[in-house]
Undergrad: 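This is the structure I want to talk about, given as C-alpha cells.
First the proteins, then the strands, lettered A, B, ... as listed; each starts at 1. Quick caveat, the model's predicted, so the values are computed rather than measured. Just so you know, these numbers use all the heavy atoms, side chains as well, and skip hydrogens, waters and symmetry mates.
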There are 4 protein chains.
Amino acid sequence: MGEPSRRDAILDVASRLFAEKGYNNTTTAEIAQEAGVAEGTLYHHFGSKDGIFLTIFDEMVEEYMVGAERLAGEGTNGAGALSSLIRFHFEYLEQNKNRFLVILRDFPNHLATENDGRSAESRNRFRRMTDILSLVLTQGVNDGTLHPSFPIRDTAALLRGILYGTTRHSMLGIIDTPLSRLSRVVEGYCLKALSPPPGGKGTRRKRGTK
Amino acid sequence: MGEPSRRDAILDVASRLFAEKGYNNTTTAEIAQEAGVAEGTLYHHFGSKDGIFLTIFDEMVEEYMVGAERLAGEGTNGAGALSSLIRFHFEYLEQNKNRFLVILRDFPNHLATENDGRSAESRNRFRRMTDILSLVLTQGVNDGTLHPSFPIRDTAALLRGILYGTTRHSMLGIIDTPLSRLSRVVEGYCLKALSPPPGGKGTRRKRGTK
Amino acid sequence: MGEPSRRDAILDVASRLFAEKGYNNTTTAEIAQEAGVAEGTLYHHFGSKDGIFLTIFDEMVEEYMVGAERLAGEGTNGAGALSSLIRFHFEYLEQNKNRFLVILRDFPNHLATENDGRSAESRNRFRRMTDILSLVLTQGVNDGTLHPSFPIRDTAALLRGILYGTTRHSMLGIIDTPLSRLSRVVEGYCLKALSPPPGGKGTRRKRGTK
Amino acid sequence: MGEPSRRDAILDVASRLFAEKGYNNTTTAEIAQEAGVAEGTLYHHFGSKDGIFLTIFDEMVEEYMVGAERLAGEGTNGAGALSSLIRFHFEYLEQNKNRFLVILRDFPNHLATENDGRSAESRNRFRRMTDILSLVLTQGVNDGTLHPSFPIRDTAALLRGILYGTTRHSMLGIIDTPLSRLSRVVEGYCLKALSPPPGGKGTRRKRGTK
DNA sequence: AATGAATGAGAATTCATTCAT
DNA sequence: GATGAATGAATTCTCATTCAT
C-alpha cells in the first residue's frame, strides 16, 4: 500500500490514456513509456493489453456495484433507496470520470462480443445492476412507495437505460447538462414516473396489494 | 435508379459487415470482395474506410431526422407528438437494426473525438434530436398536455438519454426487453413523468394560459 | 496557336505542379482536375505521366539548346561567345524558373537510369551542351582569347558543372546569391580562370610560367 | 563495436540499394530481407523509411563536414587550405560513392521541400560547407594568397556550386571526366581564378585598387 | 477526341506480443 | 521481476493506367 507499485502506475497511466485517446489509439509502448516501465513489464502484470483494460474495468465496476448494493440494502423504503441509488450513480461517476470514460468509449466494440472467459465474466459483473434495480423496485412496490406501471424487469431495464444514456451523453459532451444537474433531473422524473396514482396508495390493486 | 450501382453494393455490404463484426474487425479487402468490386473502387467512391462509415452514418441519421422532424410538425398536441416520436424511434430502429448497430458499436470510439470536418458535421446532425425534443416539449407546455418539472433543455436531454440508453441496451443484448416492448414502456413512463399535476390542467398558468 | 488547346493547358498545369511539389508527389488526377480535363485525356495526348514530363523537358531543353547554339555561332571571338553563353544561361533560367525546377528536382531519379528510347534520347539532348562549350573553347583557343590550362573536354565538363551547380543551389535556395548576381560572378571567374597568361597571348606556355 | 549490429546491417544494405535503384524504387521489404531482419526491425530502429535515408545522409554529411572543418583549420595559408579542401572533397566522394549517390539521386526531390524538423536539420548541416569555404577564403585574403574579385559570400557560393555540379555530373556519368581528374582540374582553375593580380602579391590592398 | 469509373498490384507502416538476458 | 530489441502478420491507402461509352 505504501509503495507506489509499478502495477498501479501502469493502471493509472492506462486509465488516463484510454480515456483520452480511446483503447485502440493507445499503444502498449505509450503506456509503458509514460508509466516508466519496460513494455515487457506490462505483460508480466497483466498478460495482455486486454488484460490491462479488463483489470481497470473490473476494479471500477466492482467498486461501483459494492457501493450500489450497500445502498440498496440500507434504504428505509423503496423510493428512498431508488433516490439514493440515482444520486450515488452520478456522484460516483463524477468522481471517476476518467475510468468511466474508458468503459463508455471502448468497451462494447472490443470485448463485448467475444466470449472468452474473462471478458464475458466482466460483462456479467455489470449486469448485476439490473438485479439491484429490480430489488429496489420490488421493495418499493411492497412498501407502497413505488408504483411501476409495467413489469419490474422491464422497468429496471428502463432505469438502467436512463442512467446509462444520460450519463454517456453528458460525459461525451453530446448534451450540455452536467452530471450534477442530471442527477436531480433523473431523480425527479423517475420518482414521478413511478409515483402512486393520485387517489392514494390504497386504491391501487394490480399487484402487490394486500 | 434501376441499376444496383456499385456504390450501393459497397454500402450494403459494409453495413452488414460492420454490424456483424465491428468496424475495426472488418477489412477493406473483405468489403471489396463481398461487394464484387476492386479495393480501389472503395476509395474511388468514398476516399477512405472512414468515408464509408460516415456515409452510412449520414444517410441513416438523415433519414431518421427527416422522419422525426416530420412527426414533430404533424402532431395534434404536444403529448401526442411525443408519443409519435417515441414510437417512430423504436420502429425505425427495429427496421434498421444492422445499420444502427454499426453506429452503436463503433461510432464514438472512432470518430467521436476527431475534429476533421466531416465527422464533426456528422455528429452535429445528431444533435438536431435535442432540438426536436425541445420543440415538442414546448408545444406540449403550450397546449397544456405536458408539464415538465425541469427546464425544457434538461428534459429534452433526459429524453434523448432514455431513448439512446434503452435502445442500446436492448440491441446489444444487455437487457432482455425487445425494442417493441421497450417502445410502450418508454412511452408510458415518459407521459406519466410529464403528466399534468392531479389538480387539473387549468391551475397552471406560467405560459400558454388563456 | 490561337486556341488555348487542352494540350497546352495540361503542360502548363503539369509544369507548375511538378515544380511546386515534385514529380512523384503530383498525381495525374490533380493535373487533370486543375487543367479542367478528364484523366483519360492526359493519356490521349501524352501516353503516360512520364510522357508529360518528357514533353516538358524536351520542349524546354530544345529551346535552351537552340538559343545556346545560336549564340555560340554568332560570337565575334571565343571569350565573347563564352560570356554570352553564360549570360544567356542565367537569363533563360530566370525566365523559365518553373519549368527548370521540374528538371532540377526530378529528372535524374526517375528517368535518368532507364534506357528506354525516349528518356535516353531526352538526356542526350542535354549533352549537346558539352559540345557547344567545347566549340566555344576551341574557338577561344584559336583566336587567342581563351587559354584553358586543361584539355578542352575536361574544361567544358567543368563549365557545365559550374553552370549546373550554381544554378541549382540558387534555385533551390541552398545559397542566397540570386541568379542575376550569380551570372556576373560566374562570368567573371570563368574568364579569369581562362585568361591568357600575363606575358601576352602569343607566348602561352602551360600555365604559371615565369 | 565488434558486433555487426542489425542497425548497421540495415544501413549498409539500404545505402547500397538506394544507390543502385533509387530511393523510391527500393522497398522496405527488400531492405529487410537483404539485411536479414524483419521489416518491423527497420521501424524499431529508424521509425520510417525516411528515417533510414536521413540517418545515412546525416552520418555521411557529418563525417564529410568534420573532415572538411579539420582541413580548413590546419592549412598553412588560404590557398593551401583551399587546395586541401578540394582534394579532400573528391577523395572523400571517391571513397563513398555509394552513399553519396543516394544523396545525389534522391535527396532534393523527396525531403528537400518538407520542413519537418529532421530533414530541415539535415539540410542545415550541409550549409556549413558555405561557412567553411568563406572561412578559407577570408584566410586567403588576409594572408595574401587569394584574391577573390567578388564578395566572399558569393565566391563561396560559386565554389560550392562548382564542387557539387562537377561531382554530380561525373558520378552520374553525364560527363566523362572521372573524379580523380576532376579534382586537379577544379583545383587548377579555382586557384587561377582566385590568383593575385600580376602586379605582385605584396601590394595586396582590398581589391580593385588603382 | 474525350471521358471518368474502375482497376489491382503494390507499399509503407503499425503494434501487440515474445523471449533471451 | 524486469527488460527492450525483435518480430511479422495484417491493413489501409495510392495512383498510373485502361477501356467501354
Side-chain angles (χ1 to χ4, degrees), chain A residues 5-7 10 23-33 35-53, chain B residues 3 5-7 9-10 23-33 35-53, chain C residues 5-7 10 23-33 35-53, chain D residues 3 5-7 9-10 23-33 35-53:
Chain A
S5 76
R6 290 180 210 258
R7 193 191 122 96
I10 292 168
Y23 180 86
N24 281 317
N25 299 321
T26 302
T27 65
T28 51
E30 274 176 304
I31 298 171
Q33 199 202 346
V37 302
E39 226 171 325
T41 308
L42 265 50
Y43 289 81
H44 266 294
H45 288 290
F46 305 102
S48 69
K49 191 185 172 189
D50 283 0
I52 299 174
F53 180 88
Chain B
E3 352 79 33
S5 75
R6 289 178 213 254
R7 193 191 123 96
I10 292 167
Y23 180 87
N24 282 316
N25 299 321
T26 303
T27 67
T28 52
E30 274 176 304
I31 298 171
Q33 200 199 349
V37 302
E39 213 169 336
T41 307
L42 265 51
Y43 289 84
H44 183 65
H45 286 293
F46 306 102
S48 69
K49 192 184 172 189
D50 282 0
I52 299 175
F53 181 89
Chain C
S5 74
R6 291 179 211 257
R7 193 192 121 97
I10 292 167
Y23 180 86
N24 280 316
N25 299 321
T26 302
T27 65
T28 50
E30 275 176 304
I31 298 171
Q33 199 203 344
V37 302
E39 226 171 325
T41 308
L42 265 49
Y43 289 82
H44 267 293
H45 287 291
F46 305 101
S48 70
K49 191 186 173 188
D50 283 359
I52 299 175
F53 180 88
Chain D
E3 353 77 34
S5 73
R6 289 177 214 254
R7 192 192 124 96
I10 293 167
Y23 180 87
N24 282 316
N25 300 319
T26 303
T27 66
T28 52
E30 275 176 302
I31 299 172
Q33 199 198 349
V37 302
E39 216 170 333
T41 308
L42 265 51
Y43 290 83
H44 182 65
H45 286 294
F46 305 102
S48 69
K49 192 185 172 188
D50 282 0
I52 299 175
F53 180 89

Undergrad: Is there a side-chain contact between Asp50(A) and Tyr23(A) (heavy atoms, below 4.5 Å)?
TA: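 In short, these two side chains touch, coming nearer than 4.5 Å.
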Undergrad: Using atom types as modelled and distance alone, determine if a side-chain donor or acceptor of Glu30(B) lies under 3.5 Å from a backbone N or O of Thr27(B).
TA: yes
Undergrad: Rounded to whole angstroms, how far apart are CZ on Phe53(B) and P on dT12(F)?
TA: 14 Å
Undergrad: How long is the line joining CD1 of Ile31(D) and P of dG8(F), in whole Å?
TA: 17 Å
Undergrad: Taking only the side-chain nitrogens and oxygens of Arg7(D), find out if one of them lies under 4.0 Å from OP1 or OP2 of dA5(F).
TA: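 Checking dA5(F) against Arg7(D), no side-chain N or O comes under 4.0 Å of OP1 or OP2.
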Undergrad: Taking atom P of dT14(E) as reference, at what distance in whole Å does atom CD of Glu30(A) sit?
TA: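 Value for this atom pair: 12 Å.
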Undergrad: Can you tell me how far the NE2 atom of His44(D) sits from the CG atom of Leu42(D), to the nearest 0.5 Å?
TA: 11.5 Å
Undergrad: I want to confirm an ordering. Mapping Thr41(D) and Gly36(A) to their closest nucleotides on DNA chain F, which one lands closer to the 5' end?
TA: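 Between the two, 5'-proximity favours Gly36(A).
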Undergrad: Please encode protein proximity along nucleotides 16-21 of chain E as a string of B, S and -, counting only heavy-atom distances under 4.0 Å.
TA: BBB---
Undergrad: For the atom pair CZ (Phe46(D)) and OG1 (Thr41(D)), what is the distance rounded to the nearest 0.5 Å?
TA: 10.5 Å
Undergrad: Nearest whole angstrom, please: distance from the P of dA1(E) to the CZ of Phe46(C).
TA: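 For the pair Phe46(C) CZ and dA1(E) P, the rounded distance is 11 Å.
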Undergrad: To the nearest 0.5 angstrom, please state how far the NZ atom of Lys49(B) sits from the OG1 atom of Thr26(B).
TA: 6.0 Å
Undergrad: May I have the distance from Leu42(A) (atom CG) to dC15(E) (atom P), rounded to whole angstrom?
TA: 15 Å
Undergrad: What base-paired stems does DNA chain F take part in, with at least 3 consecutive Watson-Crick or G-U wobble pairs and both distances under 3.5 Å?
TA: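 The stems are E:2-21 with F:2-21.
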Undergrad: Using 0.5 Å steps for rounding, measure from the CD1 atom of Ile52(C) to the CD1 atom of Ile31(C).
TA: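 Answer for the CD1-CD1 pair, Ile52(C) versus Ile31(C), is 4.5 Å.
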Undergrad: So does Arg6(B) get a side-chain nitrogen or oxygen closer than 4.0 Å to the phosphate oxygens (OP1/OP2) of dA5(E)?
TA: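 So the side chain of Arg6(B) is outside the cut-off, no N or O lying under 4.0 Å from OP1 or OP2 of dA5(E).
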